[in-house]
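Below is one structure, written out as structure tokens, with a few remarks after it.
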2 protein chains.
Amino acid sequence: MNLKILIADDHQMVSDGLAALIDAQSGMSVIGCATNGVDALAKAKQLRPDVVVMDVSMPEMNGIEATQEIHNRLPTIRIIMLSMHSSPEYIHRALQAGAMGYILKRSAGKEVVKAIEQVTAGKHFFSEAVAEIVVEQSLHRPAGVDAVSLLSARERQVLQLLAESHSIVRIAELLSLSPKTIETYRARIYEKLALRDLPQLVRFALKHGLTSLD
Amino acid sequence: MNLKILIADDHQMVSDGLAALIDAQSGMSVIGCATNGVDALAKAKQLRPDVVVMDVSMPEMNGIEATQEIHNRLPTIRIIMLSMHSSPEYIHRALQAGAMGYILKRSAGKEVVKAIEQVTAGKHFFSEAVAEIVVEQSLHRPAGVDAVSLLSARERQVLQLLAESHSIVRIAELLSLSPKTIETYRARIYEKLALRDLPQLVRFALKHGLTSLD
DNA sequence: GATGATGTAAGGAAATCTACTACATAAAAA
DNA sequence: TTTTTATGTAGTAGATTTCCTTACATCATC
């Protein structure tokens with residue numbers, strides 16, 4: 001069996017590196033790379049990989065949203081999240097979205113290979129530091145009421161786009177919706193998160209990893 | 001001739017990927033990896049690589065500082081910077097520190113191979129987007145001023161207040177000036193820093209420590 | 001089958017932004 | 001020492017955006 005892998009990372013240098021790493025392994029090969037969430041979803045549909053290795057932070061549609069989408073639409077595809085941070089929040093949301101693995105960029109390259117093997121066998125796989133957090137979370141977590149989870153998927157998406165400097169009109173275009181609709185989402189976001197303006201919204205998005213500096 | 005390469009990146013996953021990529025190439029091989037600037041300097045001294053591929057942002061000692069050190073102590077070693085962003089500031093500082101190449105993580109994996117070949121031949125190498133900035137800088141750049149220092153004191157003050165969610169009107173009150181004056185400052189800030197909107201401004205302020213999250 | 005959350009959208013008044021222009025002063029360059 | 005440039009200050013006016021409110025259909029859920 002030769003596993004088909006799709007890589008999604010906005011830094012092509014990183015994807016190409018991972019691809020080299022994976023292709024050097026027998027039993028698996030990279031069949032495609034995506035550079036953002038939308039692209040990842042499209043390529044997943046088109047290429048039907050066995051496993052997607054997906055970066056958490058990407059422009060347009062972030063890795064967690066993309067995971068959610070892929071998981072909903074193509075539930076047989078296993079998804080491994082790749083992240084710079086071991087923030088409990090990310091991890092929680094990633095798992096909620098349907099990720100089977102969560103590995104850190106700071107860990108060894110072989111981890112990704114191990115992770116692919118594990119999730120293919122239907123098992124979860126986490127980097128060590130992540131595993132601890134997962135356990136801890138499952139212990140004393142009073143049903144995740146982190147602020148982000150108050151938002152609907154659409155609202156999260158709009159939040160991210162707003163934080164990434166897209167204007168209301170531009171977002172409306174990107175999502176093929178009326179600007180007025182986007183305004184409604186923004187109003188709901190402000191309301192739910194008790195924010196008052198764009199700077200606060202940007203800070204919120206950064207704090208909660210919906211977007212990153214640079 | 002078999003080029004000896006040292007990789008420095010705090011994300012081992014990324015280093016390992018790059019290593020796989022480079023090792024798949026004939027004529028060059030990775031002889032070591034470092035995970036921070038101090039480590040990079042030590043390994044450079046010990047292993048005497050021909051080329052160091054160094055991430056800009058690393059903990060402890062960042063890539064630019066490490067480049068400076070290595071360049072001073074071991075001037076025959078060629079250094080290629082690897083970065084997520086094409087910020088003119090970083091680029092400038094990297095070159096000043098002695099880097100011979102500057103490539104973006106978003107560019108293709110093969111770029112790193114090309115870069116290694118070029119710098120080994122004593123030539124500079126830049127990703128396309130970077131090259132433009134380098135040219136532009138050499139044209140109209142009053143040597144090594146970081147972006148923040150382009151601003152006047154008033155402008156910095158207004159930048160900070162804007163990033164902290166204060167409205168134009170509120171800032172005018174705080175500073176006992178006309179709102180219109182504040183707008184002028186903002187326009188000048190946008191102009192000088194090549195920003196377009198508030199989210200970008202907030203990011204800039206955060207990056208340059210003019211304000212902090214929370 | 002009411003209730004609430006969500007996705008979608010509009011109207012209209014108020015506020016803000018954009019793009020110029022203006023001018024005085026201080027600093028720097030020619 | 002002129003001349004130029006940067007800075008602090010402020011205005012006009014049209015274009016845009018925001019704010020607040022209302023509306024409605026759908027879907028889940030109680």
Side-chain angles (χ1 to χ4, degrees), chain A residues 38 61 65 68-69 72-73 93 96-97 143-202 204-205 210, chain B residues 139-202 204-205 210:
Chain A
V38 178
M61 178 193 269
E65 280 166 345
Q68 184 92 64
E69 290 295 320
N72 286 344
R73 289 206 190 10
R93 296 226 310 281
Q96 206 100 55
V145 280
D146 70 311
V148 180
S149 69
L150 292 174
L151 301 179
S152 72
R154 262 295 198 236
E155 287 159 357
R156 262 196 300 282
Q157 195 177 15
V158 169
L159 169 56
Q160 189 188 346
L161 291 166
L162 283 169
E164 282 169 359
S165 272
H166 298 290
S167 71
I168 291 285
V169 172
R170 175 106 180 75
I171 295 172
E173 281 165 6
L174 284 173
L175 304 183
S176 303
L177 291 173
S178 155
K180 281 300 186 182
T181 303
I182 310 301
E183 284 186 21
T184 300
Y185 292 144
R186 182 186 46 190
R188 286 182 186 161
I189 292 165
Y190 280 172
E191 157 108 52
K192 287 185 179 177
L193 305 181
L195 304 175
R196 268 146 253 98
D197 48 42
L198 265 180
Q200 290 190 352
L201 182 148
V202 173
F204 179 92
L210 289 162
Chain B
L139 289 179
H140 52 297
R141 178 116 189 173
V145 282
D146 73 308
V148 180
S149 70
L150 289 174
L151 302 179
S152 69
R154 262 298 196 231
E155 285 159 358
R156 259 198 301 283
Q157 193 177 16
V158 169
L159 167 56
Q160 188 186 340
L161 291 166
L162 284 169
E164 282 168 358
S165 272
H166 298 291
S167 72
I168 291 287
V169 172
R170 176 107 180 75
I171 295 172
E173 280 165 6
L174 284 172
L175 305 183
S176 303
L177 292 172
S178 155
K180 282 302 178 184
T181 302
I182 310 301
E183 286 188 348
T184 299
Y185 292 145
R186 182 187 45 192
R188 286 182 187 161
I189 292 166
Y190 280 171
E191 156 108 53
K192 287 185 179 176
L193 305 181
L195 305 174
R196 270 145 254 97
D197 48 42
L198 265 180
Q200 290 190 351
L201 182 149
V202 173
F204 179 93
L210 289 162

Measure [atom1]/[X] against [atom2]/[N] and give the value in whole Å, please.
X        : N      : atom1 : atom2 : result
A:Arg188 : D:dC20 : CZ    : C1'   : 14 Å
A:Asp197 : D:dT17 : CG    : C1'   : 14 Å
A:Leu198 : D:dC19 : CG    : C1'   : 13 Å
B:Ile182 : C:dT16 : CD1   : P     : 13 Å
B:Glu191 : C:dT18 : CD    : C1'   : 13 Å
A:His166 : D:dT16 : NE2   : P     : 20 Å

Original post:
Want to settle it: does B:Glu155 or B:Pro179 sit nearer the 5' end of DNA chain D, counting the closest nucleotide to each?
Top reply: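 Of the two residues, B:Glu155 wins.
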**OP:** Assign each of A:Leu177 and B:Glu183 to its nearest nucleotide of DNA chain C by heavy atoms, then name whichever residue's nucleotide is nearer the 5' end.
**Re:**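 Comparing both residues, the 5'-ward one is A:Leu177.
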For [X], report the nucleic acid contact type (base, sugar-phosphate, nothing); a contact means any heavy atom under 4.0 Å.
X        : answer
B:Thr184 : base
B:Thr181 : base
A:Arg186 : sugar-phosphate

Original post:
Which residue pairs pass the side-chain hydrogen bond (donor to acceptor under 3.5 Å, both in side chains) test with at least one member in residues 170-195 of chain B, sequence neighbours excluded?
Top reply: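 Qualifying pairs: B:Glu155-B:Lys192, B:Lys180-B:Glu183.
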Original post:
Would you say A:Tyr185 reaches C:dG7's phosphate, i.e. side-chain N/O to OP1/OP2 under 4.0 Å?
Top reply: no
